[in-house]
K.L.:
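Following this message is one structure expressed as structure tokens.
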Amino acid sequence: MSGLLFNFLAVFTVGCAAGVVLNRNSVASALCLLLSLVGVAGLFVQLDAFLLAVLLVFVYAGAVVALFLFIVMLLDAQGGERKKFKGATIVASSLAGLLLLLGVCSLQAHAQLPATVGVAALPVGATLRSYAELLFTTYLLPVEVVGFLLLTAMLGVIVLSKKFEGLEDGK
Amino acid sequence: MFDFYFNFPLWIRMPLQGVAVILVLFPLAAACSMAERKICAWIQDRPGPNRTIAPILAWIPGMGVLQRLGLFQLAADGGKFVFKEDPVPGHVNKLYFIAAPILAMIPALTTVALVPFGAYLDSAGRLVPIMLANVDVGLLAVFAVSSLGVYSVILAGWASNSKYPFLGSVRASAQLISYELSMTLSVLPVFLLVNRPGGQGTLSLVDVVAMQSGGWHGFAAQSWHGLWGVFYLPVSAFIFLVALFAETNRQPFDMPESEADLVGGFHTEYGAFKWSLFFVAEYCHMIVGSGVFCLLFLGGWNLLPWLPLAKLAGLLGVANHPLLMGLLGIVIFLGKVAAFIFFFMWVRWTIPRFRYDQVMKIGWQRLLPLAIANLVVYALAIAWLQPRTP
């Protein structure tokens with residue numbers, strides 16, 4: 001049963017991800033991205049990572065893709081035709097894809113996964129505390145650094161996109 | 001008595017329970033539309049729908065009361081939506097045009113699975129919540145699923161391929177995303193209180209109700225457990241309330257469909273059954289949203305502060321009957337939800353609609369800073385006042 005579900009979710013996720021790239025209409029692409037994210041959330045649920053699944057749906061499917069759609073609609077109400085890929089893009093992306101494939105293959109061939117996963121000992125659902133403890137101890141610095149990077153990116157976008165005419169310099 | 005039911009395999013029981021809850025929720029949402037018409041009529045001092053009745057039923061004495069309450073108007077409206085011709089305008093993007101109302105129903109009906117609506121005592125004396133899926137991430141899951149509702153509005157507006165729906169859906173997506181932030185921030189103090197030091201960490205709505213169902217212990221610090229959230233988290237409750245109005249697109253926040261300047265907003269091009277699906281989805285969101293508010297801030301299935309359900313059932317002598325006690329809890333909870341929905345309607349027919357710039361200003365410049373300040377103050381106060389050891 002769970003194997004069947006995994007196969008279905010995996011095919012669904014990858015198929016929708018392919019739809020994101022292959023669709024001509026950018027609104028349809030964004031919707032494929034949405035479905036693909038929901039599929040990944042389903043895979044997380046199969047791993048008993050409920051919090052991750054819910055957060056993925058809440059943040060990415062619920063807000064980020066909605067913002068994508070919002071921007072697409074603002075820029076071009078019809079969804080628009082997609083630009084043709086450039087040669088360099090095709091080469092670079094196929095290289096990246098090959099690298100990823102190599103990585104997955106080598107992981108499957110060589111990696112040793114721990115036989116028993118420690119989380120299995122916990123009662124179902126009592127995982128929020130372990131997430132929180134890891135976030136505020138081991139991974140505190142990386143989380144802060146990523147947050148700072150995002151803040152910098154946001155400031156950069158504001159500076160780049162906002163026109164500062166009519167302020168003190170312009171007069 | 002119900003052993004035969006619990007002997008069914010899980011894959012039969014779960015769909016059955018789900019269908020049962022939807023069968024209750026769907027007519028409830030439809031009934032809300034009639035309640036809305038009657039309440040707006042009373043507020044505006046007119047009788048409202050009071051004529052419709054089937055000819056055969058009119059001969060039965062006593063039916064006049066139901067007739068004047070507009071109960072048969074509800075059936076007539078429902079029938080009309082089913083039998084009406086379902087037009088699809090020629091200029092729309094058909095696939096997405098048809099998908100949008102379906103997408104509206106999915107999150108609206110899914111969130112119910114995550115909301116507890118009653119409780120009973122099992123033979124060991126523990127309080128068991130009545131709900132479809134008791135997940136630990138509780139409220140977060142409700143938020144996550146209901147946040148998907150924005151896509152139906154976006155798609156409806158975009159697929160309609162005309163100006164008013166498009167403007168309506170652009171407004172709607174901006175509004176829904178803006179108020180989601182304040183809403184999420186406003187409930188954090190609740191969970192700061194629920195999660196005592198040393199606990200395993202929970203976001204479950206059941207635990208929030210458990211926190212609000214204590215008895216009266218005199219004027220001791222212990223007694224605040226019997227109080228409801230709205231008394232010690234008034235700012236949170238207020239922010240959640242305002243954000244709830246915005247998230248359910250209710251007046252004064254019904255920007256997406258403001259009929260004065262946008263005809264009907266995102267559903268301008270819709271008619272017949274597809275339109276009624278949007279309508280029912282909005283009421284489902286309202287019912288679930290009211291339910292979550294009642295659980296977070298109004299004590300869930302507890303009748304009065306300091307009178308938890310278990311105690312009330314003991315007083316009434318039904319504590320040993322899981323069925324009766326469950327019914328009692330559900331009735332109390334639904335009563336609160338109904339009162340809250342009345343409040344929704346009362347506000348709708350009293351307060352005029354905001355302008356769009358006002359909506360954005362309230363969301364980002366007033367509500368969000370207030371929510372953040374509220375969170376910081378409560379976090380500091382809880383860190384200072386809460387005892388360290390459990």
Side-chain angles (χ1 to χ4, degrees), chain A residues 1-2 5 23 25-35 37-38 41-42 44-45 48-80 119 122-136, chain B residues 11 93 95-96 99-100 103 106-107 110 114 133-155 157-163 165-167 169-178 180-181 184 191 194-195 197-204 206-207:
Chain A
M1 180 71 187
S2 80
L5 204 59
N23 250 316
N25 185 321
S26 35
V27 170
S29 280
L31 288 174
C32 280
L33 181 61
L34 172 70
L35 288 179
L37 284 171
V38 172
F44 276 140
V45 168
D48 284 346
F50 300 111
L51 186 69
L52 272 184
V54 166
L55 283 180
L56 188 77
V57 173
F58 189 31
V59 176
Y60 285 92
V64 173
V65 179
L67 274 180
F68 283 177
L69 272 177
F70 186 63
I71 302 297
V72 168
M73 282 178 14
L74 272 189
L75 291 183
D76 184 352
Q78 299 312 314
V119 182
L122 280 174
V124 176
T127 48
L128 287 182
R129 187 195 168 115
S130 35
Y131 276 111
E133 271 179 358
L134 283 178
L135 267 187
F136 280 97
Chain B
W11 61 271
N93 193 331
L95 174 67
Y96 299 110
L103 268 179
I106 293 174
T110 310
L114 304 158
N134 192 358
V135 287
D136 188 59
V137 283
L139 187 62
L140 206 55
V142 175
F143 280 165
V145 177
S146 67
S147 73
L148 294 179
V150 65
Y151 290 104
S152 75
V153 180
I154 293 183
L155 273 188
W158 176 72
S160 292
N161 200 10
S162 77
K163 287 196 181 64
F166 179 67
L167 283 175
S169 80
V170 168
R171 282 180 177 189
S173 41
Q175 176 183 322
L176 290 180
I177 294 169
S178 309
E180 223 164 60
L181 276 175
T184 319
F191 289 98
V194 170
N195 289 300
Q200 278 302 323
T202 177
L203 290 170
S204 169
V206 180
D207 293 331

K.L.:
Whether the side chain of Tyr151(B) engages the backbone of Leu31(A) through a donor-acceptor N/O pair (distance < 3.5 Å, no angle test) should be reported.
P.N.:
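Such a contact is absent between Tyr151(B) side chain and Leu31(A) backbone.
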
K.L.:
So which residue, Asn195(B), Val150(B), Ile154(B), ends up with the most heavy-atom pairs under 4.5 Å with chain A?
P.N.:
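Most heavy-atom pairs under 4.5 Å with chain A: Ile154(B).
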
K.L.:
Give a yes or no on this: more than 12 heavy atoms of other residues, nucleotides or ligands lie within 6.0 Å of atom CZ of Phe70(A).
P.N.:
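Correct, the count exceeds 12.
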
K.L.:
Considering only heavy atoms, which portion of Val59(A) lies under 4.5 Å from any heavy atom of chain B: side chain, backbone, both, or neither?
P.N.:
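Neither part.
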
K.L.:
Please classify the contact of Val170(B) with chain A as side chain, backbone, both or neither, using a heavy-atom distance under 4.5 Å.
P.N.:
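Its backbone and side chain both get close to chain A.
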
K.L.:
With a 4.5 angstrom heavy-atom cut-off, could you sort out which part of Leu56(A) is near chain B: side chain, backbone, both or neither?
P.N.:
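Answer is neither: Leu56(A) stays 4.5 Å or more from chain B.
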
K.L.:
Please name the pair of heavy atoms, one in Ile177(B) and one in Ala63(A), separated by the smallest distance, quoted to 0.1 Å.
P.N.:
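Of all heavy-atom pairs spanning Ile177(B) and Ala63(A), the closest is CD1-O, 4.2 Å.
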
K.L.:
At their closest point, which heavy atom of Gly62(A) faces which heavy atom of Ser147(B), and how far apart are they?
P.N.:
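In terms of heavy atoms, the two residues are closest at CA-OG, 3.4 Å.
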
K.L.:
Side chains of Val57(A) and Val145(B), heavy atoms from C-beta outward: is any pair under 4.5 Å?
P.N.:
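No - every pair of side-chain heavy atoms lies 4.5 Å or more apart.
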
K.L.:
Please state whether the side chain, the backbone, both or neither of Leu176(B) comes within less than 4.5 Å of a heavy atom of chain A.
P.N.:
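Neither the backbone nor the side chain of Leu176(B) comes within 4.5 Å of chain A.
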
K.L.:
Thr184(B) versus Phe58(A): any side-chain heavy-atom pair under 4.5 Å?
P.N.:
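Yes; the side chains approach each other to less than 4.5 Å.
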
K.L.:
So what's closer than 4.5 Å to chain B heavy atoms on Ala28(A): side chain, backbone, both or neither?
P.N.:
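Both parts, backbone and side chain.
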
K.L.:
Using the side-chain contact (heavy atoms from CB on, under 4.5 Å) rule, take Leu140(B) and Leu51(A) through it: C-alpha gap first, then chi angles, then the decisive distance, then the call.
P.N.:
CA-CA 8 Å; Leu140(B) 206 55; Leu51(A) 186 69; 3.7 Å; yes

